[in-house]
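To start, the structure under review is shown below, and the notes come after it.
In what follows, every chain begins at residue 1, and chains take the letters A, B, ... in the order their sequences are listed. Quick caveat: nothing in here was measured; it's all calculated off a predicted structure.
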Amino acid sequence: MLYQDTVETEVLVHKPSVIVSIFVVVLAAFLMFNLTDTTFGELMRLVIGEPLQSGFYGRFAIAFVIAVMFCLNLVLIGFAALRLQIAIVWLELLLLFLGFVKSFNLNLPFISENLPYLITQGVMTTIYVSTVSLIFASLIAIIAAIAKLSSNGFAYGIASFYTSFFRGLPLLMQIYLIYLGLPQLGIVIDAVPSGILALSVCAGAYMTEIFRAGIQSIDRGQWEASRSMGFGFGLTMRKIILPQAFPVIIPPMGNEFIAMLKNSSLVSVLGVWELTFLARTLGQPTFNHMEMLISASIIYWILSACLEVIQSRLERHFSRSKVR
Amino acid sequence: MNLSNISQDKGTRDRHSPSNAPAGSTPDRSHQRLPAMSDIVIEAANVSKWYGTFRALTDVNLTVRKGERIVICGPSGSGKSTLIRCFNRLEAHQAGEITVNGMRLHSKMRNVTEVRKNVGMVFQHFNLFPHMTVLMNCMAAPMWIKGVPEAQARKTALQFLERVRIPEQANKYPAQLSGGQQQRVAIARSLCMEPSVMLFDEPTSSLDPEMVAEVLETMSSLARDGMTMVCVTHEMGFARAVADRVIFMDAGQVVEEAAPDNFFNNPRHERTKFFLSQILKH
């Protein structure tokens with residue numbers, strides 16, 4: 001939440017000038033499309049007669065009704081409490097999304113036939129690849145972050161080269177280099193391990209910077225206090241600095257975790273049977289591309305949403321020491 | 001914070017030229033060397049420190065014996081905090097010798113933990129660990145450094161929280177306490193290690209007037225119980241009532257060192273007189 005003022009401002013959508021201008025914009029926008037041949041036209045048949053012959057009158061009537069409904073909706077939502085507002089907006093946007101998906105005329109039996117395999121094989125592989133990579137990436141990141149903060153020239157050199165190199169190369173390129181390049185040197189790695197390797201070192205490079213910033217954000221007084229009691233470097237790091245850096249790190253780490261989940265789709269170029277790969281291959285033979293791609297997209301979204309929930313839980317958990 | 005935080009004792013060089021002989025060789029302090037060595041907790045001899053080209057400490061001599069209460073005062077930037085931060089090697093000195101509990105402090109020492117275990121420190125900004133409860137703040141060091149079993153650490157912690165009169169706050173987090181309470185927790189946290197000397201680095205400078213009183217009260221009661229203390233503070237009332245010796249520093253040098261009565265009633269140096277006139281004016 002932004003830091004709110006104690007003086008309440010007028011609800012924006014209850015200002016006549018605002019609502020009128022929104023109305024005009026929406027009306028103008030929908031006048032640009034001829035919606036008489038859609039479901040909307042059918043619904044408006046009582047008012048405009050035969051939709052296809054209603055001409056400009058029909059077009060205007062439809063746009064007008066949409067604009068009125070849109071503005072009425074805004075005004076009504078303006079009255080609701082905060083949580084209800086959020087819920088209604090989410091619900092409406094979801095319905096619009098479903099309407100959009102429905103307009104593809106998807107073959108639903110095809111989806112329900114392939115969905116179980118998409119989940120048991122695809123989702124499981126995606127989760128497996130991204131979880132293992134996340135663990136490795138976090139380990140690499142902690143070590144590299146400490147190395148980057150240290151006064152050891154070797155450690156700093158290696159860590160900064162690492163972050164520079166792996167943040168600078170496209171992830172797809174790294175995946176190809178590891179899977180196709182290394183065998184030329186006699187190192188043959190299977191598709192899944194090389195995918196995990198590429199994802200780990202890439203995400204690790206980004207996380208290094210997150211950890212470094214988190215560690216640096218801790219007041220030096222904490223170092224002094226723990227040192228003055230005789231804590232060594234390791235103990236200070238483990239018990240004092242990192243636990244305090246975690247709350248700072250969580251939001252950017254949430255980003256990184258979600259990005260990792262979706263970046264794992266790039267491993268599909270190695271023929272790993274994860275979500276994206278299966279979505280493409282299952283739909284291909286019968287030309288049901290859209291069915292599978294949309295299913296996979298929604299699954300990715302659900303998985304990311306789970307990560308978002310975990311992130312907000314963690315943020316709440318760690319904020320307990322900040323209560324006043 | 002850059003690299004300096006992680007690499008602790010870097011770039012220090014102790015000089016051991018014959019000209020830097022211990023303070024005991026100078027006649028005016030020789031009587032202080034006579035008591036048994038075990039009696040001396042902190043011995044600083046000709047200590048100098050530079051920040052780059054700026055000289056923060058110049059040939060400081062100070063001996064702290066067991067049970068002594070010493071107050072260091074002086075204008076800001078005079079090197080008082082720097083000096084006591086050298087006593088547990090939070091800062092490095094570049095010349096002279098500091099010996100704490102018989103252990104010489106230098107950049108290559110391997111037993112710095114031994115020194116720090118026995119030297120408690122209280123900071124101006126408390127520096128409590130905000131992610132731990134008050135109780136855990138007090139239990140951490142005994143458990144992790146001394147290997148005290150948890151039950152016993154808890155008992156000791158509660159005992160010292162009782163001592164600073166806030167046992168009821170044991171399960172709260174530092175952010176939930178007032179400044180004065182936090183500083184008393186910080187004192188209890190240091191006491192839990194049962195140190196042989198306590199260093200106070202302007203412990204009341206960031207507190208409200210009312211809270212200053214409760215912290216000074218705690219410190220006075222510590223002093224009554226015979227704790228060896230070195231306090232950097234501007235609380236002259238405390239200095240007068242509690243200190244065995246008051247040390248006045250200016251520009252990195254010890255200007256005057258005297259018993260509180262002498263110090264406040266007939267200061268010898270012009271600089272001391274001016275300082276006292278300034279702080280006692282209001």
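You'll find the side chain of B:Asn101 stays beyond 4.5 Å of the side chain of B:Val115, heavy atoms only.
Ranked by heavy-atom pairs under 4.5 Å with chain A, the first of B:Trp144, B:Phe123, B:Phe126 is B:Trp144. The greatest number of non-hydrogen atom pairs below 4.5 Å with chain B, out of A:Thr236, A:Leu235, A:Asn152, is found for A:Leu235. When the candidates B:Met193, B:Arg189, B:Gln124 are compared by the number of heavy-atom contacts under 4.5 Å with chain A, B:Arg189 comes out ahead.
The number of heavy atoms from other shown groups lying within 6.0 Å of NZ (B:Lys155) does not exceed 12.
The residues B:Lys117 and B:Glu114 are annotated as salt-bridged, a charged nitrogen and a carboxylate oxygen being separated by less than 4.0 angstrom.
Listed for the A:Thr163 side chain is no donor-acceptor partner under 3.5 Å among the backbone atoms of A:Ala205.
At a 4.5 Å heavy-atom cutoff, the contact between B:Phe129 and chain A is made by backbone and side-chain atoms alike. For B:Leu199, no part lies under 4.5 angstrom from a heavy atom of chain A.
With hydrogens and angles left out, the side-chain atoms of B:Asp201 and B:Ser81 include a donor and acceptor closer than 3.5 Å.
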